[in-house]
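Here the structure is laid out as structure tokens; the discussion comes afterwards.
For ligands, and for the atoms within them, numbers begin at 1 and follow the listed sequence.
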Amino acid sequence: MAPMVVDLILCWWLVAASRAQQLPRPSLSLHPSQGVSLGDPVTLRCHLPRLAAWVWLYQDGGWLYPKGKEKEQDAAEFSFVSTLRGQAGRYRCQYRVSESAEVSVESDPVELVLTDLRYPPSSISLHPEQHVGTGTNVTISCWNKDYGATFLLHKDGSSEPIQRQDSSGGDTATFTLFGVTPADSGTYRCSYRPWHYAFMSSPLGDSVMLEVTPTPAPPGAAGSSRGNLVVAVVGGCTAALVFILVLIIFFLLSALRRRTQRDESPGAPPKKPETMEFQVFIPSSGDNSWI
Ligand SMILES: *[C@@H]1O[C@H](CO)[C@@H](O)[C@H](O)[C@H]1NC(C)=O
């Protein structure tokens, strides 16, 4: 019973939390979403869940770009025709609807990373070798000559870098792919972000190929704990709802049955409700406890 109560409270909290927010959160997107080089044009688009008259774009520790519209819009675009170093950074947007002074919460941040083609590309090497069997630990090392940096490991076909790491002491970062599977086969490259320029990137460097041949998988493959959590919460909410439904149906049915029994008691002559009340509430003559 206790887990059921916790579930009910959680369900109630989820519903309450989703209603508490008056103005829903906007979302910010980058176009193009990545691979923007210094000097390229880029557009930040703030998507508004409500028609809004005023929209602001903030750069963390940098500029504020306000935008007022004659007409209410469901999106606002902020375009940089030719990007500058100072425009690389983390952005958020926010809006206000015209009929109220209330301002929305800020969107989740979006990072504008600019590639500076003047940074020499990163070198890369792979260990132990290009062809390995399932379950092998593969390490990929990335290095550059003169920059202390944060290195990022990219896999062709993935839009986001798959790992990131600060160079350890020297100018090298070592990424380990533990217990590789055939899904890890592919082409890998590195880029890096120099110290003090967290939103400036080197171009992608040379590539290494990894081919993983399938062999019987090692036991204990890692499960997705986040997926499990979602399944648990959804399952819990469903169970709580079903439980409530069953309770309601049970009470309705038993109320109905009691009524049917009262109305149609077999063998007994039909009684008027007054007669029944008389029988229930008037004590028998020998019962002293009623007097
Ligand atoms: C891979 O690395 C992990 C963690 O360091 C280690 O426990 C495991 O034995 C390694 N596997 C192989 C096949 O070397």
Validation row, ring centre Phe80 to ring centre Tyr65 under 6.0 Å: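 Ring centres of Tyr65 and Phe80 closer than 6.0 Å.
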
His47, NE2 atom: more than 12 neighbouring heavy atoms under 6.0 Å: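 Enclosed.
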
Atom CG of Asp206: over 12 foreign heavy atoms under 6.0 Å: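 No, the 6.0 Å shell around CG holds no more than 12 heavy atoms from other groups.
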
Nearest protein heavy atom to [atom], by residue and atom, and its distance?
atom: atom 6 (C) of ligand 1; value: Asn137 ND2, 4.2 Å
atom: atom 5 (O) of ligand 1; value: Phe178 CE2, 3.9 Å
atom: atom 13 (C) of ligand 1; value: Gly135 O, 3.7 Å

Non-hydrogen protein atom less than 4.0 angstrom from atom 2 (O) of ligand 1: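 It does; a protein heavy atom is within 4.0 Å.
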
Step-by-step salt bridge (Lys or Arg N to Asp or Glu O under 4.0 Å) determination, Lys145 to Asp171: CA-CA 7 Å; Lys145 286 229 168 61; Asp171 297 328; over 6 Å; no

